[in-house]
Peer 1: 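Okay, here's the structure, questions in a sec.
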2 protein chains.
Amino acid sequence: MALYGSSVEYGLHCLLHLSEAADRAPPSAKDLAEYQGISPSFVAKLFTKLEKAGLVISAEGVRGGFRLAKPKGDISVLQVVDAVEGGQPLFKCKEIRGNCILYDGNPPDRVTSSVCQIHALMQEAELKMRGVLGARSLADLDKSVGQVVPAQIKQASRDWFETRAQARRTDS
Amino acid sequence: MALYGSSVEYGLHCLLHLSEAADRAPPSAKDLAEYQGISPSFVAKLFTKLEKAGLVISAEGVRGGFRLAKPKGDISVLQVVDAVEGGQPLFKCKEIRGNCILYDGNPPDRVTSSVCQIHALMQEAELKMRGVLGARSLADLDKSVGQVVPAQIKQASRDWFETRAQARRTDS
DNA sequence: GAGCACGTACTCGGATAGGTGTTGTCCGAGTGATGCCGG
DNA sequence: CCGGCATCACTCGGACAACACCTATCCGAGTACGTGCTC
């Protein structure tokens, strides 16, 4: 278990692959899923969210697929997380202060108008977290990955997607 | 919806009330719940977690209840959150890199031994968040609240819990 | 040979189930306070 | 008057459901490509 679900991991990995194939044939959801060994249907569902958030553009038809809607340097990790997770806050204050039995259903204005201190602290923590995620773009992430993954693998990856795109509609 | 559930909010509010009544009769879970207008059963369930985490000490019997296990200055908000939420990480890396179809089930050591860049970024964000929560204690929080809530209300609150404790076993 | 219309296979997209975690509820075991009884 | 004991109401603690969300799946609508026909 974790606070963020698997969707975040899947989404980021997929988008990184997409950024690699920017000027190639757009990989389909199925291609991306099979390449990474994850559920194709779930990836498809994921990309509907990413498209609604304006991060990717879908192409239909037999040669269809997805490509980034913006340069990879203009897409922050935070945008991806928010698109996938629905922009959920870290903490949702229920304002239970107002339920205090002393107020008997009529909390004074002083309580309702002032901000809950617990809420304020949580917002501060959330802001720090989002700051880290917002400061890093897909390009930065891709660069970091490039320092670990050798160019040979990257080339093999591109070739695989290329072959996969070529094979559509011809191998039956 | 939010990343942290209601338990965090309930737990922190309850513990703040407990810190106010440090040298009084220990409030029971039922008292704390009714005072705040929340579910008594759920609060009881919550406090079992807080006790297992060593944050509160339970007293049994008719005059029983809960009191803080340590001075309020020695309990950080992070400890409370972790106790209630089970110390869940922000992000759990599934290492789907190793599933890559190119590796065919046998990912090279370079991949398995190196840290996932996405994972690393998430850990950085989580660290920042936990840093904020870990730097603030219940005493700090109580102080902030004191600047908003007038002493009159605080006194009324103490009186209510006192009355409630007195009323046990005598009003039937 | 060129243009056009059609069929097809593949794609996206949303509607549809299963599993898991969280919220909320309930009842039983244990315990300290209380009142009574005997010394 | 004082100490011990049985009772009891209240507490904690864990076992028990209901709900919601996340993960995963399926099938239908739509579209670009390829092919064959017509001119």
Peer 1: Please walk me through it: do A/Leu46 and A/Cys14 pass side-chain contact (heavy atoms from CB on, under 4.5 Å)?
Peer 2: CA-CA 10 Å; A/Leu46 239 175; A/Cys14 287; 5.7 Å; no
Peer 1: Please state how far atom CD in B/Glu51 lies from atom C1' in D/dG13, giving the value in whole angstrom units.
Peer 2: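 Answer to the nearest Å: 9 Å.
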Peer 1: Is the distance from OP1 or OP2 of D/dT11 to the nearest side-chain N or O of B/Ser28 less than 4.0 Å?
Peer 2: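 B/Ser28 to D/dT11 OP1/OP2: side-chain N or O found under 4.0 Å.
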Peer 1: Could you work out which one of C/dG14, D/dG13, C/dC12 sits closest to the side chain of B/Thr48?
Peer 2: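 Given the options C/dG14, D/dG13, C/dC12, the side chain of B/Thr48 is closest to D/dG13.
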Peer 1: Can you check each nucleotide of nucleotides 17-27 of chain D against protein heavy atoms at under 4.0 Å and return B for base, S for sugar-phosphate only, - for none, in 5' to 3' order?
Peer 2: ----SSSBBB-
Peer 1: Measure from CD on B/Glu60 to P on D/dT11 and round the result to the nearest Å.
Peer 2: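 Distance, rounded to whole Å: 12 Å.
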Peer 1: How many whole angstroms separate atom CZ of A/Arg67 from atom P of C/dT11?
Peer 2: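 After rounding, the reported distance stands at 17 Å.
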Peer 1: In whole angstrom, what separates B/Phe47's CZ from C/dG24's P?
Peer 2: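 My rounded result for the distance is 16 Å.
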Peer 1: What integer distance in Å separates B/Lys30:NZ from C/dC27:C1'?
Peer 2: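 For the pair B/Lys30 NZ and C/dC27 C1', the rounded distance is 15 Å.
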Peer 1: Within the 4.5 Å heavy-atom criterion, are A/Pro27 and A/His17 side-chain neighbours or not?
Peer 2: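 No; the side chains remain at least 4.5 Å from each other.
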Peer 1: Classify the side-chain pair B/Ser157/B/Tyr35 by whether it contains a donor and acceptor separated by less than 3.5 Å.
Peer 2: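 Short answer, yes.
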Peer 1: OP1 or OP2 of D/dG34 less than 4.0 angstrom from a side-chain nitrogen or oxygen of A/Arg63, does that happen here?
Peer 2: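 For D/dG34, OP1/OP2 do have a side-chain N/O of A/Arg63 under 4.0 Å.
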Peer 1: Ignoring backbone atoms, test whether B/Lys52 places a side-chain nitrogen or oxygen under 4.0 Å from the OP1 or OP2 oxygen of D/dC12.
Peer 2: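 Checking D/dC12 against B/Lys52, no side-chain N or O comes under 4.0 Å of OP1 or OP2.
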Peer 1: To the nearest Å, how far apart are B/Glu9 CD and C/dT22 P?
Peer 2: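 For the pair B/Glu9 CD and C/dT22 P, the rounded distance is 17 Å.
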Peer 1: Should the ring pair B/Phe91 and B/His119 be called parallel, tilted or perpendicular, given that the plane angle runs from 0 to 90° and is split at 30 and 60?
Peer 2: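 It falls in the tilted class, 30° to 60°.
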Peer 1: In this structure, are over 12 heavy atoms from other groups packed under 6.0 Å from B/Lys70 atom NZ?
Peer 2: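 Yes, because the 6.0 Å sphere around NZ of B/Lys70 holds more than 12 heavy atoms from other groups.
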Peer 1: CD of A/Gln152: more than 12 outside heavy atoms within 6.0 angstrom?
Peer 2: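 Not more than 12 within 6.0 Å, no.
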Peer 1: Could you tell me whether A/Phe66 contacts a base, only the sugar-phosphate backbone, or nothing, with contacts defined as non-hydrogen atoms closer than 4.0 Å?
Peer 2: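 A/Phe66: backbone/sugar contact only, no base atoms under 4.0 Å.
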Peer 1: Name the closest nucleotide to the B/Val62 side chain, picking from C/dC12, D/dG13, C/dA33.
Peer 2: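 So the side chain of B/Val62 is nearest to C/dA33.
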Peer 1: Do B/Arg130 and B/Asp82 pass the side-chain contact (heavy atoms from CB on, under 4.5 Å) test, and can you show the C-alpha distance, the side-chain angles, and the key distance before you say yes or no?
Peer 2: CA-CA 10 Å; B/Arg130 293 173 70 88; B/Asp82 276 348; 2.7 Å; yes
Peer 1: Starting the side chain at C-beta, find the nucleotide from C/dG14, C/dC10, C/dG13 nearest to A/Arg168.
Peer 2: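 The listed nucleotide nearest to A/Arg168's side chain is C/dC10.
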